[in-house]
Engineer: 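Here it is, the structure in full.
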Amino acid sequence: QVQLVESGGGLVQAGGSLRLSCAASGRTFSTYVMGWFRQAPGKEREFVEAINGERLTTYYSDSVKGRFTISRDNAKNTVYLQMNSLKPEDTAVYYCAAAPEWRGPIASGYDYWGQGTQVTVSS
C-alpha cells in the first residue's frame with residue numbers, strides 16, 4: 001500500500017508560480033513512477049508530468065512543456081511539481097499518483113492516488 005498526500009495548492013494570479021508537493025509513504029517509493037494529473041470541472045483527468053524511479057526520465061504533456069517541472073527527493077519520499085508562468089487554463093484539482101512501472105500518460109496506468117489539491121489561477 002502506498003499513501004499519497006498532496007499540498008501546496010492555492011490561488012495565484014496569471015503568470016505566477018506554485019510548487020506542489022506530494023508526500024508518499026512506503027519503503028519502495030524510490031522504485032515507483034510518480035505522476036501528476038489534473039482535472040478541471042467537466043473535463044477528463046489529464047496527464048501533466050511524470051518521473052520514473054531510476055533514471056529520472058521525465059514525461060510531460062505539451063500543455064505544460066517549458067512551464068512545469070517535476071522532480072523527486074527519494075530521501076524525503078516526496079515528489080514536486082514546480083509550476084511557473086501559470087495560466088487560467090491551468091486551474092484544476094491536481095493529483096499525485098504512483099505506479100510500479102511506466103504504463104503511459106493515462107490515469108488508468110496508476111494504482112495509487114492522493115486526495116488532490118486545488119490550484120486556481122486568476123486573470
Side-chain angles (χ1 to χ4, degrees):
Q1 293 288 321
V2 176
Q3 295 184 15
L4 307 172
V5 180
E6 304 98 331
S7 62
L11 173 64
V12 298
Q13 294 188 84
S17 298
L18 281 175
R19 188 171 80 155
L20 306 184
S21 297
C22 173
S25 65
R27 297 180 184 274
T28 60
F29 170 79
S30 63
T31 71
Y32 271 68
V33 174
M34 301 297 298
W36 288 96
F37 288 77
R38 65 187 183 186
Q39 189 164 26
K43 304 289 186 179
E44 291 187 327
R45 191 162 295 188
E46 175 190 17
F47 173 77
V48 176
E49 199 161 357
I51 185 167
N52 74 13
E54 191 165 283
R55 295 187 66 244
L56 302 184
T57 301
T58 58
Y59 311 84
Y60 52 84
S61 65
D62 290 339
S63 63
V64 305
K65 182 180 180 181
R67 299 189 299 122
F68 292 8
T69 303
I70 191 170
S71 62
R72 67 193 297 162
D73 185 339
N74 289 338
K76 296 181 179 179
N77 281 12
T78 302
V79 63
Y80 305 94
L81 184 67
Q82 178 66 47
M83 305 185 295
N84 299 324
S85 301
L86 283 162
K87 304 174 181 179
E89 52 261 46
D90 295 319
T91 295
V93 176
Y94 283 70
Y95 296 92
C96 177
E101 61 186 2
W102 173 250
R103 299 165 179 155
I106 50 176
S108 61
Y110 289 78
D111 301 303
Y112 304 100
W113 294 85
Q115 82 289 347
T117 185
Q118 177 71 47
V119 172
T120 302
V121 184
S122 66
S123 59

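Since the model is a prediction, treat every value here as computed from it, not as a measurement.
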Engineer: Can you name the closest pair of heavy atoms from G109 and A99 and give their distance?
Structural biologist: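 Looks like O-CB, 3.4 Å.
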Engineer: Distance check, rounded to the nearest 0.5 Å: N52 atom CG versus Y59 atom OH?
Structural biologist: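 Reported value, rounded in 0.5 Å steps: 5.0 Å.
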Engineer: Does the side chain of S21 reach to within under 4.5 Å of the side chain of K76, using non-hydrogen atoms?
Structural biologist: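 A side-chain contact is absent here, since even the closest heavy-atom pair is not under 4.5 Å.
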Engineer: Considering only residues two or more places apart or on different chains, which pairs with a residue in residues 13-114 satisfy disulfide (SG to SG under 2.5 Å)?
Structural biologist: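 Sorted result for residues 13-114: C22-C96.
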Engineer: For the residue pair S63 and E46, establish whether any side-chain heavy-atom pair is separated by less than 4.5 Å.
Structural biologist: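 They are in contact (side-chain heavy atoms under 4.5 Å apart), so the answer is yes.
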Engineer: Main chain of R67, side chain of S85: is a donor-acceptor contact present, judged purely on distance under 3.5 Å?
Structural biologist: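 A pair under 3.5 Å: no.
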Engineer: Please state whether the rings of Y95 and W113 are parallel, tilted or perpendicular, taking 30° and 60° as the class boundaries.
Structural biologist: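 If you compare the ring of Y95 with that of W113, the planes turn out perpendicular.
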Engineer: Backbone N or O of V121 within a donor-acceptor pair of the T91 side chain at under 3.5 Å?
Structural biologist: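 At least one qualifying donor-acceptor pair exists.
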Engineer: Side chains of Y80 and D73: does their closest heavy-atom pair fall under 4.5 Å?
Structural biologist: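 In contact.
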Engineer: Against the six-membered ring of F29, is R72 placed for a cation-pi contact (under 6.0 Å from the centre, within 45° of the normal)?
Structural biologist: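 That pair qualifies as a cation-pi contact.
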Engineer: How many angstroms lie between CG in L56 and CD1 in I51, if you round to the nearest 0.5 Å?
Structural biologist: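 If we round to the nearest 0.5 Å, L56:CG and I51:CD1 are 4.5 Å apart.
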Engineer: Decide whether L81 and F47 are clustered together by the hydrophobic rule: side chain heavy atoms of Ile, Leu, Val, Met, Phe, Trp, Tyr closer than 4.5 Å, transitively.
Structural biologist: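 Looking at the clustering, F47 is in a separate group from L81.
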Engineer: Could you state whether Y32 and Y60 fall into the same hydrophobic cluster, counting links through intermediate Ile, Leu, Val, Met, Phe, Trp or Tyr residues with side-chain heavy atoms under 4.5 angstrom apart?
Structural biologist: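 No: no chain of side-chain contacts under 4.5 Å links Y32 to Y60.
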Engineer: Which pair of heavy atoms, one from T117 and one from G9, lies closest together, and at what distance?
Structural biologist: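 Scanning both residues, the minimum pair turns out to be OG1-N, 3.2 Å.
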Engineer: Taking atom CZ of R45 and atom OG of S108, what is their separation to the nearest 0.5 Å?
Structural biologist: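 Reported value, rounded in 0.5 Å steps: 11.5 Å.
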Engineer: Let me confirm one number: the CG-CH2 distance from L20 to W36, rounded to the nearest 0.5 Å.
Structural biologist: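 Answer rounded to 0.5 Å: 4.5 Å.
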Engineer: Are the side chains of M83 and V119 in contact, using a 4.5 Å heavy-atom criterion?
Structural biologist: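 Yes - at least one pair of side-chain heavy atoms lies under 4.5 Å apart.
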Engineer: Taking CD in E44 as the centre, count heavy atoms belonging to other residues, nucleotides or ligands within less than 6.0 Å. Is the count above 12?
Structural biologist: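 Result for CD/E44: open.
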Engineer: Return the minimal non-hydrogen interatomic distance between L86 and L18, and the atom names on each side.
Structural biologist: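 For L86 and L18, the tightest heavy-atom pair comes out as CD1-N, 3.9 Å.
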Engineer: So, do L4 and M34 sit near enough that their side-chain heavy atoms are less than 4.5 Å apart?
Structural biologist: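 Touching, per the 4.5 Å side-chain cut-off.
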Engineer: List for me each residue that meets ring-ring contact (aromatic ring centres under 6.0 Å, His included) alongside Y110, sequence neighbours excluded, and say none if there are none.
Structural biologist: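 By the ring-ring contact (aromatic ring centres under 6.0 Å, His included) rule, Y110 matches F37.
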Engineer: Report yes if some heavy atom in the side chain of W102 is under 4.5 Å from a heavy atom in the side chain of T57; otherwise report no.
Structural biologist: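 The answer is no; the side chains never approach within 4.5 Å.
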Engineer: I need the full list of side chain to side chain donor-acceptor pair (under 3.5 Å) pairs touching residues 4-19, with sequence neighbours left out, sorted by first then second residue.
Structural biologist: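 Output for this query lists E6-Q115, S17-N84.
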Engineer: Going by heavy atoms in the side chains, are V64 and R38 under 4.5 Å from each other?
Structural biologist: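 Answer yes - side chains close enough.
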